[in-house]
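This report refers to the structure that appears directly beneath it.
All chains are named by letter (A, B, ...) in the order of the sequence lines, taking the proteins before the strands, and each is independently numbered beginning at 1.
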Protein chains: 2
Amino acid sequence: MEYKPNIQDVAKLANVSIATVSRVINNQGGVRKETEERILKAINELGYIRNAAARTMKRKETNTIGVIVPDIKNPFFPLVMAGIEQKAREKQYFTILSSTNESPIVEKEIVKNFIERGVDGVIITTANENGDHLKLLQEQGIPIVAVDRSIKSFEVDTVLVDNVKGAYQAVQHLILQGHEKIAIICGPQTTTPGRDRFLGYKKALENYNIPLDERYVIQGDFGEQSGYLATQKLFALDDKPTAIFSSNNLMTIGCVKALEELNWKLGSEVSFIGFDDVDIATFLNPKLSVVSRPMYALGEIAFQLLHERICFKENLPKRKYLLSPELKIRQSCRLVKTLF
Amino acid sequence: MEYKPNIQDVAKLANVSIATVSRVINNQGGVRKETEERILKAINELGYIRNAAARTMKRKETNTIGVIVPDIKNPFFPLVMAGIEQKAREKQYFTILSSTNESPIVEKEIVKNFIERGVDGVIITTANENGDHLKLLQEQGIPIVAVDRSIKSFEVDTVLVDNVKGAYQAVQHLILQGHEKIAIICGPQTTTPGRDRFLGYKKALENYNIPLDERYVIQGDFGEQSGYLATQKLFALDDKPTAIFSSNNLMTIGCVKALEELNWKLGSEVSFIGFDDVDIATFLNPKLSVVSRPMYALGEIAFQLLHERICFKENLPKRKYLLSPELKIRQSCRLVKTLF
DNA sequence: CTGAAAGCGCTAACAT
DNA sequence: ATGTTAGCGCTTTCAG
């Protein structure tokens, strides 16, 4: 049973023209009830399923959006994806997902493939915020929504998390607890999240008149290993910090590992807040305080924006959403112990 | 710049026929070098990208495979997906992913949509192992590979993890450490993994002549909450178990949470082995022993099987792979303390 | 209410 | 080496 019936077969079996069949499968009305039933019956009998390729050729739309993420193994993205899919399904859109492994080259290939397939729009967390390689999409008039990382070289709808604010709140909290020697494990300053989280850190210090101490600023690369190393460096300091702010989830993990090995007591000897919730946060003792991002909402809004853009194209100003992260205070940050 | 150029535009600009252009974009050779260059130049100038829909109509193939998972938020699946994508990319295949949220109804919709789109094959971890809703695929002659969960109602290539063996090894390990009161937190007995892991548990007890004690068998649903509840039940027993085997990752997390709240000392008062590695495993103190599944390999092999099937269709026997999980002994299971 | 027919953009068989 | 042309299966005027 390998034969794929087409609209012709259905028409023949139902004794109508293919135009009528088309009307029925597209619910366009204007077909007598008996005729419709006859057609439906034929469709069922044959197991007819309409051919999307042929349909797309006429319609110039696929009801499909493409999603591009840099690393599907990072738990952040599946959660965003879940939000996107949910909203997309509601609007009868389908979602195709590809992961670039942070490679702009792969990303470009994927973009090209998405265009070939005629996706109606793209949601992307790009591997390269410059974004020149995404111009293809723009040239084809395919709407784009940038999620979590913005795109520099042209204007697109964007939904970001307020990284500055999240970092600011975390550091402010530490300051209000009496900390002054607050270290930051930075993300790459070539990425917006990396820069912005550092910015929030600086702003908080500034607002509370705490001078920035370069020794407490350690560069990391968002990888676990760099968080580990950074923590070791901080521990080696004569004048150790009393609190650490880590700029992302993986570095948090590295940091916690180092803390444990160094026997540098979390919560008591050194307070800690990390950016991004991590699975382990509530399993550690003390439980980790974190800045948590609304991943699901990020996905939902991204689809919302994309959908509007697909419907109204250019008759819409470019929009930038900035979602607020949530500071979840648990047990890893405590009032500073003053020594006098 | 909204106009999508087509093969005609390219042909006109390069002063050739569309057939020649087609030859070039498909690397079929038989075109004079200068001509080819002229065409390439025109393609570049116009920003031409070929239309997959039109191509598909002729070719009857899309170079695309569909992947269906029950829950993209479960970290298991993105890892499998990464393995699939890697292999697929090597063979120039594209991958489209959809998640069913464990709903067979959604799954059926997705299947239908995949067929509409003309995917060349499907890799699926089905939400309903019965599989009647997948017959559509079979009828259309679309190859299927089942991953992690088998399909009952017809024969397909399958790649599973040896759940019986994994559970057996875990429980055996506990037995050899002297445990006799070993509890299991079961997965749903309607799923193969749920059943098989229970089977492995029973087999191990049997082999070592330990009678099955119903009080130590708690039903869960693979969700975190059920692991939590199960642990509470076990703790409430007069004759508490000295070891717990949890049937999956999420229930492990629930279990560990409960353990902590109940102040039931992991490793000393109660030994533990869980099925599936979890992020937190090595952060806990003591570190969790687990049965770990080869997720990436699962994905790689699945694509391999699918690809062969796409190429050779029926001229291939149905194949069943059974990958061995790995028992990772860490610190959460200890020699039983005998009381006499 | 229904049908006939013109393509959508491409590939591939057949000419030249 | 290159061009001509017949569809692939569908949607959508335009007629009836």
Side-chain angles (χ1 to χ4, degrees), chain A residues 2-40 42-43 46-64 112-113 115-120 140-141, chain B residues 2-40 42-43 46-64 112-113 115-120 140-141:
Chain A
E2 270 248 8
Y3 179 68
K4 293 194 189 186
N6 62 21
I7 199 170
Q8 299 260 22
D9 301 317
V10 176
K12 218 168 288 167
L13 184 60
N15 238 301
V16 292
S17 76
I18 58 168
T20 309
V21 176
S22 176
R23 284 183 192 107
V24 170
I25 51 186
N26 291 296
N27 284 311
Q28 291 175 328
V31 178
R32 211 195 310 157
K33 199 152 187 202
E34 329 167 48
T35 318
E36 171 161 358
E37 271 164 21
R38 205 151 21 98
I39 292 173
L40 255 23
I43 287 177
L46 263 42
Y48 167 75
I49 293 183
R50 91 163 156 332
N51 178 319
R55 170 173 231 245
T56 296
M57 281 196 66
K58 292 295 297 186
R59 291 280 217 96
K60 267 75 181 102
E61 65 179 46
T62 53
N63 263 259
T64 302
K112 194 168 159 217
N113 187 277
I115 295 174
E116 283 190 10
R117 301 189 127 68
V119 295
D120 297 338
Q140 308 268 334
Chain B
E2 269 249 5
Y3 179 69
K4 292 196 190 186
N6 62 23
I7 200 171
Q8 298 260 21
D9 301 317
V10 176
K12 218 168 289 166
L13 184 60
N15 240 301
V16 293
S17 75
I18 57 167
T20 309
V21 176
S22 177
R23 284 184 192 107
V24 170
I25 53 187
N26 290 297
N27 284 312
Q28 290 174 328
V31 178
R32 212 192 312 153
K33 203 158 187 197
E34 329 167 47
T35 318
E36 171 161 358
E37 271 164 21
R38 208 150 18 101
I39 293 173
L40 255 21
I43 288 178
L46 264 41
Y48 166 76
I49 293 184
R50 90 160 157 332
N51 178 319
R55 170 172 231 245
T56 296
M57 281 195 66
K58 292 292 300 186
R59 289 281 216 97
K60 267 67 182 120
E61 65 179 46
T62 53
N63 262 259
T64 302
K112 196 170 155 214
N113 186 276
I115 295 174
E116 283 190 10
R117 300 189 128 67
V119 295
D120 296 338
Q140 308 268 336

Legend entry - Minimum-distance nucleotide (side-chain atoms of B:N6 versus C:dC10, C:dG3, D:dG9): C:dC10

Inset, instruction - Could you check whether A:Q28 gets within reach of a base, just the sugar-phosphate, or nothing at all, counting any heavy atom under 4.0 Å? - result: sugar-phosphate

Legend entry - Nucleotide of C:dA6, D:dT2, C:dC10 approaching B:T35 most closely (side-chain heavy atoms): D:dT2

Legend entry - Options D:dC10, D:dA1, C:dG3, nucleotide nearest the side-chain atoms of A:T20: C:dG3

Inset, instruction - Nearest whole angstrom, please: distance from the P of D:dC8 to the CD of B:E116. - result: 20 Å

Legend entry - Given C:dG3, D:dG3, D:dT11, the nucleotide with the shortest approach to the side chain of A:A19: C:dG3

Inset, instruction - Report the distance from atom CD1 of A:I18 to atom P of D:dT11, rounded to the nearest whole Å. - result: 9 Å

Inset, instruction - Among the candidates C:dT11, D:dT11, D:dC10, find the nucleotide nearest to the side-chain atoms of A:Y48. - result: D:dC10

Legend entry - B:K60 side-chain proximity, nearest of C:dG3, D:dT11, D:dC8: D:dC8

Inset, instruction - Measure from CZ on A:R55 to C1' on C:dC8 and round the result to the nearest Å. - result: 14 Å

Inset, instruction - Establish, with yes or no, whether the OP1 or OP2 oxygen of C:dT11 is under 4.0 angstrom from a side-chain nitrogen or oxygen of B:R50. - result: yes

Inset, instruction - Consider the side chain of A:N26, meaning its heavy atoms from C-beta on, and name the nucleotide among D:dC8, D:dT11, D:dT2 that approaches it most closely. - result: D:dT11

Legend entry - A:R59 CZ to D:dG9 P, straight-line distance once rounded to whole Å: 19 Å

Inset, instruction - Verify side chain to side chain contact (heavy atoms under 4.5 Å, CB included) between B:I7 and B:I25, making sure each step is shown before the conclusion. - result: CA-CA 10 Å; B:I7 200 171; B:I25 53 187; 4.1 Å; yes

